[in-house]
Number of protein chains: 2
Amino acid sequence: MARRPYHHGNLRAELIEASFALLARDGLSGFSVAQVARTLGVSTASPYRHFADRDHLLAAVAAQAALELADRIRSDADAAGSDPRERFAVTAGTYVRYVARRGAGYPVIFATSLAGLEDPELVQAGRALMSLMLQLAQETGVAPTPERALLLLERHGVIAQGYLTLHREGFLTLGDVSLDGIAERATEATRDLLRAFADA
Amino acid sequence: MARRPYHHGNLRAELIEASFALLARDGLSGFSVAQVARTLGVSTASPYRHFADRDHLLAAVAAQAALELADRIRSDADAAGSDPRERFAVTAGTYVRYVARRGAGYPVIFATSLAGLEDPELVQAGRALMSLMLQLAQETGVAPTPERALLLLERHGVIAQGYLTLHREGFLTLGDVSLDGIAERATEATRDLLRAFADA
DNA sequence: GTCTATAAATAGATAGAC
DNA sequence: GTCTATCTATTTATAGAC
């Protein structure tokens with residue numbers, strides 16, 4: 001048997017990166033450690049030197065996704081200007097675009113199956129993401145109490161994840177169904193949500 | 001080997017029913033023909049006498065789900081009284097409850113992988129469901145043009161599916177997270193959506 | 001129409017060589 | 001730290017007996 005080129009240098013990071021690509025293409029159900037290994041041209045045993053099992057690899061991916069998503073949200077909010085409502089609204093589109101391209105959003109970051117691992121980095125990154133979103137929600141000024149801010153945050157997540165799911169599953173077939181088009185619809189729905197909160 | 005009790009009488013219908021139970025428990029990703037067969041105590045070969053393959057079984061389940069969902073929607077809308085906005089709003093809760101209990105909603109009924117089958121019963125049932133929802137949307141009176149009615153329908157689906165997904169994946173942890181509690185939140189979000197449309 | 005038996009994939013995970 | 005090789009389990013689907 002011809003031996004493979006041996007080592008890789010930075011397999012752990014590459015496994016995480018290849019996992020994102022696989023998640024974006026096939027979703028969580030199509031994700032497998034073996035497929036990730038094949039993508040990188042390494043043996044199916046190699047990943048287990050870096051991660052105890054499938055869930056620990058997924059948890060590392062989820063933690064990085066939470067960090068990346070928070071970065072994109074901060075950056076898109078800043079690019080949206082100084083109006084705090086618009087800053088909050090655009091992040092719904094940010095979520096749709098990021099998760100469609102990277103394959104990991106709330107359902108991975110807060111997956112019930114990963115919660116049992118109590119991975120400190122994942123827990124911390126998830127909390128930071130929620131903290132950031134809550135701050136943006138409060139800054140809109142349309143949620144005077146903590147309860148209202150949490151409801152606003154919940155509705156924001158529902159809109160973003162709802163558009164993403166219906167887009168992925170082929171339910172949305174009318175109008176501009178490009179990823180940017182769907183992201184803009186999520187943002188527009190969130191603008192309406194803010195108007196409704198302001199009028200309440 | 002001890003031979004099994006032989007025939008079943010109505011295996012086709014029982015396969016569909018057992019598929020619902022499995023979908024509700026494990027989701028689309030956990031669904032397998034073999035598991036459905038085991039649930040019923042029949043051999044894993046039996047289903048293939050009634051359905052060409054996995055997707056044809058799923059298509060039959062999806063078609064029945066569309067019919068059942070339309071029935072529930074009609075029935076819950078009628079139970080909500082004569083206010084057309086309330087009739088529309090409660091169907092978001094109907095969707096959440098039905099799909100959580102039966103395991104098959106828009107992502108199964110309109111699944112891209114099943115669209116290629118062009119199953120006439122599924123296509124017809126899907127159209128009837130959308131037609132019913134569009135009628136309820138138009139009757140609210142807050143969507144004066146067909147375009148607005150379609151947008152209202154889209155937002156309704158986004159809210160219902162968004163709450164369902166975030167509930168299933170463990171994102172919603174605050175307040176009453178019972179199924180009825182989540183369904184009521186989806187209905188309340190839809191009431192706000194209607195107010196926003198009325199004020200626009 | 002249901003069964004037994006089986007083939008061919010694929011997955012998760014481990015042992016032991018290098 | 002990566003490899004080869006292997007084990008066990010599962011799935012989709014088919015062939016052929018009854």
Side-chain angles (χ1 to χ4, degrees), chain A residues 1-23 25-62 103 108 111-114 116-117 119, chain B residues 1-23 25-62 103 108 111-114 116-117 119:
Chain A
M1 283 270 167
R3 196 159 276 274
R4 296 196 222 185
Y6 210 67
H7 72 232
H8 226 286
N10 198 16
L11 186 55
R12 193 193 138 94
E14 292 191 42
L15 285 165
I16 293 174
E17 197 54 35
S19 295
F20 274 112
L22 186 55
L23 283 171
R25 213 194 54 190
D26 297 346
L28 189 53
S29 56
F31 175 84
S32 86
V33 178
Q35 183 60 45
V36 171
R38 272 194 297 274
T39 299
L40 293 173
V42 299
S43 81
T44 61
S46 314
Y48 292 95
R49 262 318 115 172
H50 299 274
F51 301 98
D53 56 27
R54 181 183 187 272
D55 279 352
H56 281 82
L57 170 52
L58 266 180
V61 172
V108 173
T112 318
S113 62
L114 302 184
L117 266 50
D119 179 314
Chain B
M1 285 269 168
R3 196 159 276 273
R4 297 194 220 185
Y6 211 68
H7 73 232
H8 224 286
N10 199 17
L11 186 55
R12 193 193 139 93
E14 291 191 43
L15 286 166
I16 293 174
E17 197 56 34
S19 295
F20 274 113
L22 186 56
L23 284 170
R25 213 193 55 189
D26 296 345
L28 188 53
S29 55
F31 175 84
S32 86
V33 178
Q35 183 59 44
V36 171
R38 270 195 298 276
T39 300
L40 293 173
V42 299
S43 80
T44 60
S46 312
Y48 293 93
R49 265 316 117 172
H50 298 275
F51 300 99
D53 56 27
R54 182 182 187 274
D55 279 353
H56 280 83
L57 170 53
L58 266 181
V61 172
V108 174
T112 318
S113 62
L114 301 184
L117 267 52
D119 179 314

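Below, each value reflects all heavy atoms present in this structure, side chains not excepted, and no hydrogens, waters or symmetry copies. In the text below, chain A, chain B and the rest are named by the order of the sequence lines, each starting its count at 1.
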Calculate the interatomic distance between [X] atom [atom1] and [N] atom [atom2]; express it in whole Å.
X: Leu11(B); N: dC3(C); atom1: CG; atom2: C1'; answer: 12 Å
X: Leu58(B); N: dT11(D); atom1: CG; atom2: C1'; answer: 14 Å
X: Arg49(B); N: dT2(C); atom1: CZ; atom2: P; answer: 10 Å
X: Leu57(A); N: dG12(C); atom1: CG; atom2: C1'; answer: 12 Å
X: Gln35(B); N: dT12(D); atom1: CD; atom2: C1'; answer: 14 Å
X: Arg54(B); N: dT11(D); atom1: CZ; atom2: C1'; answer: 9 Å
X: Leu22(A); N: dA11(C); atom1: CG; atom2: P; answer: 9 Å

What's the shortest heavy-atom distance between Leu117(A) and Ser113(A), and which atoms? CD1-O, 4.1 Å
Is Arg38(B) close enough to dT11(D) that one of its side-chain N or O atoms is under 4.0 Å from OP1 or OP2 there? yes
Would you say dT2(C) has OP1 or OP2 under 4.0 Å from some side-chain N or O of Ser46(B)? no
By nearest heavy atom, map Ala45(B) and Ala45(A) onto DNA chain D; which one lands nearer the 5' end? Ala45(A)
Nearest to the Thr44(A) side chain among dA13(C), dT12(D), dA15(C), which nucleotide is it? dA13(C)
Checking contacts here: which listed nucleotide (dT12(D), dA15(C), dT2(D)) is nearest the side-chain heavy atoms of His50(A)? dT2(D)
For the residue pair Leu114(B) and Asp119(B), establish whether any side-chain heavy-atom pair is separated by less than 4.5 Å. no
Are the side chains of Val61(B) and Phe51(B) in contact, using a 4.5 Å heavy-atom criterion? no
With sugar-phosphate meaning primed atoms plus P, OP1 and OP2, does Ala34(A) contact a base, only sugar-phosphate, or nothing at under 4.0 Å between heavy atoms? sugar-phosphate
Evaluation steps, side-chain contact (heavy atoms from CB on, under 4.5 Å), between Val108(A) and Phe31(A): CA-CA 12 Å; Val108(A) 173; Phe31(A) 175 84; over 6 Å; no
The residue, Ala52(A) or Ser32(A), whose nearest nucleotide of DNA chain C is more 5′ is Ser32(A)
